[in-house]
Amino acid sequence: MEPQRGPSPDHGSDASGPKQSSVSSHGRHRNSSSSICKDFLRKFVDNELLTSSLEDWFSGHSEDCGFKKPAFDVPFDLNELQNFDYAIEGVTFQQLVRMPNALHASTSDIFEATAHLALEDFLHASIKGLWETFWGPDESMPFSVACIHSTSPKFYPAEKAISSGKLDGVCATAVLLKNLKHSQGRWDHIVVLALLRPDIGMFSGQNDQQPSPAVLGEALFFALRVLLSRSLSRSSTVLQNSDCVYVLLVDSQFGVVVNVQGDLNKLDFDLNNVYDSAAEWIKKHAQITVSSIDRVWNKLGNANWGDIGTLQVLLAIFHSMIQFCGAPKYSLDELATEHSSRLQSRRSERHLVGRQANANGLFRFQQQSHSPEIVEVQEEGAVNVKPKEILKLEVGSVVLMEDADWQKSFQINDILTDSEPPIYSATPVEEPTKTYLLYVGSSPSHLEPAWEDMNSWYQVQRQTKVLTLMKQRGISSRYIPQLVASGRVVHPGPCNKPNSSGSCGHPWCSTPILVTSPVGETISNLIRNGLFCVEDALRCCHDCLSALAAASSAGIRHGDIRPENVIRVSNGSRHPYFVLIGWGHAILEDRDRPLMNLFFSSTFALQEGKLCAASDAESLIYLLYFCCGGVCPELDSVEGALQWRETSWSRRVIQQKLGDVSAVLKAFADYVDSICGTPYPMDYEIWLRRLRRTINEDHGKEIDTSS
């Protein structure tokens, strides 16, 4: 990985002037300046000559820098990196080719070949992960990764350079904008450039934390070549970005980000002395920022995706992608704000938030000199947050709900769950023969989302969104709740809220409400009261699986299957059925994350923080195991939960317990176990047929298949 000379003089940019015989003075000037720039670029091919012209400047022996070494600012401050870290929280980047271990580095071809493949793989994983996160997985990615050879204007993969024996001439690796007309790549299509050099990490322990002048000079050389090539492009998008470029400097462990910005109109295109002209522009007119040298790959060759070194590289790539593709579909700030809701959700799950003792969820810890213990003290000088008055409804009370077009009153019949927030059984005052489930959310506040009651937000607002989406996509199943109405509470007394989405200050004003159908009793209540029979397990499995099949047909997964989210609906019928409720944590797109439950979450969800195709089915297996009297261990950590799953499946404890109820449930558990964590889709139909056949044979009951 020795430093290479610059690339071939043919930079690949289409810089030919206008083809008309008669041109305006502006056109002649443009043609002339492009021709000079192109000639300048053809002569600007040796990075060592540029570094030599900058030698006095680097060493601080030049009058241009006041006889001081240049001090470079960093391209990103810690707040930017932290915000970016929050935005990509949970994103799975996957570098398949490991960077070779620097401890065993040598000059062998195998080491260098693996390093180039690993760098190419790292860049591909980076742009793929960033594209799918910020622009969405549905859009095709407009970038590719290829190597630059010092003797060829063409770009090609590292594997081709290795197989053709041209690895020694590879001088850089580039992320390129795809172009069907120029499949071989062009210099003006370079989005970001990476230089693989062996001595980056040698300077990581020094005070200035900057690369050597030779490496930094080479980075400036390539940066200027890219900017010059962009200035010759006919693409307006490329031309607009001819004043800023990022260059990445990496070795087998460490990395540095170099950003160069400047107006090329201030460059003196002296064709007789191109390197002194370029050096003069760099000293006087370029704004150069250099990040600290930080670790990108660990000693095993895997990228440290969450560490500051890799975050700097990813953020540089992200800004470069925006240059060519414009603002992303999901903004960085938008995704970063979701961190606070994830944090609040996690704190609630781990019981770190005491709602009664400290309703604002803010804790300050201090260590006093006389005691080594950490104690909670009253927050002073912080945001003055008044505890919210949660709307509690009593049996017999009437709540008035309004939508944009109507108002409707509901009388509370019963409180079905003792969880927070509760679920009510309610009857419309105008239609006393009907009964619905009624959910009440938290009163909106002017605080940050992380300070609000996220449980009620998921249960009301987001579940409303999911059920509305299901209705729009034509999902109809008796085993999925139907959206009846949604709106906001009309409180007693005058209301002077400024607009429909605002609040007048009354603690109940604009509190959201969701009404669904049908009504039933949760499995948790049935088990507590001894009303759930093991024979119900077959029907519960069939009905919940039917709900999952219907939702998956529209790309929706439940993500929160547990006894509180399954109800048994009787309606006076001889054949009750089960409905899967609680769709607030449903997974609608890849960036959504399921609710973590140590007992009922799937193994893949606990390990990866997301669902695979069989995750909901695995959670259903744990639900059935619990309903059939399976032993529920005390779980207090993810590690303990994973260990329990591994032991239970390997010893076939779960299969045997379900086998005591029905052979088909045991077979279904084996099937789910075989595809958990794999990309294979669930075959819902075959198991629904087997369950229907078993229920009809064992109990002589017909299953409603109309859904």
Side-chain angles (χ1 to χ4, degrees), residues 1-15 38 41-51 97 109 112-124 126-127 143-179 182-198 200 214-233 238 241-242 245-251 255-258 260 278 313 316-317 320 324:
M1 294 186 287
E2 292 298 320
Q4 304 292 333
R5 288 294 180 94
S8 167
D10 186 355
H11 58 280
S13 293
D14 186 355
K38 193 171 184 179
L41 191 52
R42 283 175 176 163
K43 291 188 175 185
F44 189 64
V45 294
D46 194 327
N47 68 78
E48 292 180 355
L49 290 178
L50 176 65
T51 303
V97 181
D109 291 340
E112 291 206 22
T114 306
H116 281 286
L117 288 172
L119 175 58
E120 192 174 271
D121 192 39
F122 170 81
L123 291 174
H124 183 269
S126 300
I127 58 175
F143 303 108
S144 61
V145 181
C147 290
I148 304 171
H149 200 275
S150 59
T151 61
S152 172
K154 297 179 180 179
F155 298 76
Y156 42 79
E159 287 185 355
K160 186 174 181 181
I162 295 169
S163 62
S164 60
K166 296 182 178 180
L167 185 63
D168 290 340
V170 172
C171 57
T173 303
V175 174
L176 296 165
L177 187 68
K178 291 180 181 178
N179 190 306
H182 305 279
S183 58
Q184 298 289 347
R186 290 159 44 121
W187 268 77
D188 58 327
H189 291 160
I190 292 177
V191 178
V192 65
L193 203 61
L195 309 183
L196 183 62
R197 300 296 180 259
I200 304 298
V215 175
L216 191 53
E218 190 176 10
L220 297 176
F221 166 80
F222 277 99
L224 186 53
R225 278 197 63 87
V226 173
L227 293 178
L228 288 168
S229 300
R230 290 181 183 177
S231 71
L232 294 171
S233 176
V238 176
N241 296 293
S242 59
V245 66
Y246 287 92
V247 177
L248 314 176
L249 301 174
V250 298
D251 60 14
V256 178
V257 174
V258 179
V260 179
V313 173
I317 296 173
S320 302
F324 284 83

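Because the structure is a prediction, the values reported are computed rather than measured. Heavy atoms only: backbone and side chains are in, while hydrogens, waters and symmetry mates are out.
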Where do Phe222 and Leu195 land on the side chain to side chain contact (heavy atoms under 4.5 Å, CB included) test, with the steps shown first? CA-CA 9 Å; Phe222 277 99; Leu195 309 183; 3.9 Å; yes
Side chain to side chain contact (heavy atoms under 4.5 Å, CB included), that's the test. Do Leu193 and Val226 meet it? Break it down for me. CA-CA 9 Å; Leu193 203 61; Val226 173; 4.2 Å; yes
Test side chain to side chain contact (heavy atoms under 4.5 Å, CB included) applied to Val215 and Val256, step by step: CA-CA 11 Å; Val215 175; Val256 178; over 6 Å; no
CA sep, side-chain torsions, deciding dist, call: His149, Phe155, side chain to side chain contact (heavy atoms under 4.5 Å, CB included): CA-CA 7 Å; His149 200 275; Phe155 298 76; over 6 Å; no
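Remark: Arg197 CZ to Asp251 CG distance equals 11.5 Å, nearest 0.5 Å. How far CZ of Arg225 is from CG of Leu220: 14.5 Å, rounded to the nearest 0.5 Å. How far NE2 of His189 is from CG of Leu176: 9.0 Å, rounded to the nearest 0.5 Å. With rounding to the nearest 0.5 Å, the separation of OG in Ser144 from NE2 in His124 is 9.0 Å. Between Asp121 atom CG and Ser126 atom OG the span is 9.0 Å, to the nearest 0.5 Å. The distance from the CZ atom of Arg186 to the CG atom of Leu177 is 11.0 Å, given to the nearest 0.5 Å.
Phe44 and Phe221 have their aromatic ring centers within a separation under 6.0 angstrom.
Heavy-atom contacts from other residues, nucleotides or ligands closer than 6.0 Å to NZ of Lys178 number more than 12.
The minimum heavy-atom distance linking Pro157 with Cys147 is given by the pair C-SG, 4.4 Å. Lys38 and Leu232 get closest at one heavy-atom pair: CA-CD1, 4.0 Å. Across Leu50 and Gly217, no two heavy atoms sit closer than the pair CD2-O, 4.1 Å. Contact between Ser164 and Ala161 at its shortest, heavy atoms only, is OG-O, 3.3 Å. Shortest non-hydrogen contact noted between Thr114 and Val97 is O-CG1, 4.3 Å.
Listed for the Glu218 side chain is no donor-acceptor partner under 3.5 Å among the backbone atoms of Asn47. With hydrogens and angles disregarded, no donor-acceptor distance shorter than 3.5 Å links the side chain of Ser233 to the backbone of Arg230.
Judged as a side-chain contact (heavy atoms from CB on, under 4.5 Å), and not counting sequence neighbours, the contacts of Leu49 are Asp46, Tyr275. When the side-chain contact (heavy atoms from CB on, under 4.5 Å) test is applied to Val250, the partners found at least two apart in sequence or on another chain are Leu119, Leu196, Trp297. For Ala223, the side-chain contact (heavy atoms from CB on, under 4.5 Å) partners two or more places apart in sequence, or in a different chain, are Val245, Val247, Val260. In this view, Thr51 satisfies the side-chain contact (heavy atoms from CB on, under 4.5 Å) rule with no residue, not counting sequence neighbours.
With hydrogens and angles left out, the side-chain atoms of Ser229 and Asp188 include no donor and acceptor closer than 3.5 Å.
The shortest distance between side-chain heavy atoms of Phe324 and Val238 falls below 4.5 Å.
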